[in-house]
Amino acid sequence: DKDTEDKPMVVAESKQDEKEQKAEEEKEPREISKREIRVLKNICLKPDGKNGWKYLEQQKIDLTRLALLKMTPVLGRFFQTMHTTIKQSQKLLNYSERLNDEQTKAMSALMAPEMKATMDDDTSMLPDNEKSIRKTWDTGSEIQIYSNTQNKWYNGKIIKITNDEEG
């Protein structure tokens, strides 16, 4: 390897290096045109003129006021709707032993028709866990009763339990 030690190393620039160099050159800012210089002088040195910074600042203030006047009723309606919706959510999420009207309506609206059909006196179609829950009911137990005619849930209380051939 004595031959390679004495020779100088030459590194050739690749085409990729040339592309990167051109990209760097393109990133340099361009010169400001004479027109842009004139506009900047008018803005900075003549603050009260038509294109001066004071005039532009006042335009910005006026446009901001106008935008706020347009947006205020929209935002007011939005937040009023949010307030009403949150109040309704609180009623639905309220926890007590008895369901309130909003909770009853929500349950009725969400209950599938096939599920409503199982809520009548025929317990043969009920799942085992539902049957076991019903067995824990006793006189005085507070329950929810679904009315097929009213298509609505009602609060109820068991006043008497009878046994027939179905149980």
Side-chain angles (χ1 to χ4, degrees), residues 20 23-161:
E20 289 175 5
E24 284 294 319
E25 290 173 3
E26 290 176 5
K27 288 182 185 177
E28 291 181 22
R30 62 176 180 79
E31 290 186 29
I32 298 175
S33 69
K34 289 182 182 182
R35 181 177 178 272
E36 290 170 328
I37 291 172
R38 189 174 60 249
V39 169
L40 283 171
K41 279 183 183 177
N42 283 337
I43 290 172
C44 297
L45 300 177
K46 299 176 185 173
D48 296 325
K50 183 177 178 184
N51 292 323
W53 64 267
K54 285 185 179 180
Y55 174 79
L56 296 174
E57 182 179 44
Q58 188 59 45
Q59 272 189 324
K60 185 177 179 181
I61 290 169
D62 293 343
L63 290 172
T64 302
R65 276 196 186 118
L66 182 64
L68 287 173
L69 287 173
K70 296 277 186 186
M71 290 301 297
T72 298
V74 174
L75 289 173
R77 285 190 301 273
F78 171 76
F79 285 113
Q80 182 62 39
T81 303
M82 289 297 295
H83 175 72
T84 304
T85 304
I86 289 170
K87 288 289 185 189
Q88 288 173 341
S89 298
Q90 287 173 337
K91 287 179 182 177
L92 287 172
L93 297 173
N94 184 25
Y95 177 76
S96 66
E97 289 183 20
R98 301 192 118 183
L99 295 177
N100 60 35
D101 288 339
E102 287 81 9
Q103 291 168 326
T104 304
K105 287 176 187 174
M107 285 178 62
S108 177
L110 294 175
M111 185 167 276
E114 60 274 4
M115 203 171 162
K116 289 179 185 177
T118 65
M119 300 311 288
D120 60 10
D121 290 336
D122 181 17
T123 60
S124 62
M125 295 181 64
L126 291 175
D128 289 337
N129 62 344
E130 182 72 24
K131 290 177 187 176
S132 64
I133 290 172
R134 286 181 177 219
K135 286 180 182 179
T136 65
W137 293 347
D138 198 6
T139 303
S141 295
E142 292 182 357
I143 59 170
Q144 289 286 304
I145 303 165
Y146 186 78
S147 168
N148 286 326
T149 56
Q150 297 293 318
N151 201 25
K152 185 176 175 182
W153 284 94
Y154 292 95
N155 292 325
K157 190 175 196 176
I158 297 176
I159 55 172
K160 184 178 178 183
I161 298 175

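Pairing each heavy atom of Pro73 with each of Leu69, the nearest pair is CD-O, 3.3 Å.
Not counting sequence neighbours, the partners of Thr139 by the side chain to side chain contact (heavy atoms under 4.5 Å, CB included) test are Ile161. Scanning for side chain to side chain contact (heavy atoms under 4.5 Å, CB included) contacts around Glu36 gives Arg30, Ile32, Ser33, with sequence neighbours left out.
Once rounded to the nearest 0.5 Å, the distance linking OG1 of Thr81 with CD1 of Ile86 reads 11.0 Å. Atom CD of Gln80 and atom CG of Leu75 lie 13.0 Å apart (nearest 0.5 Å).
Partner of Asp62 under the side-chain hydrogen bond (donor to acceptor under 3.5 Å, both in side chains) criterion, chosen from Gln58, Gln59, Lys60: Gln58.
For the pair Asn155/Gln144, a side-chain contact is recorded, criterion being any heavy-atom separation below 4.5 Å from C-beta on.
Heavy atoms of other residues, nucleotides or ligands lying less than 6.0 angstrom from CG of Leu68 number more than 12.
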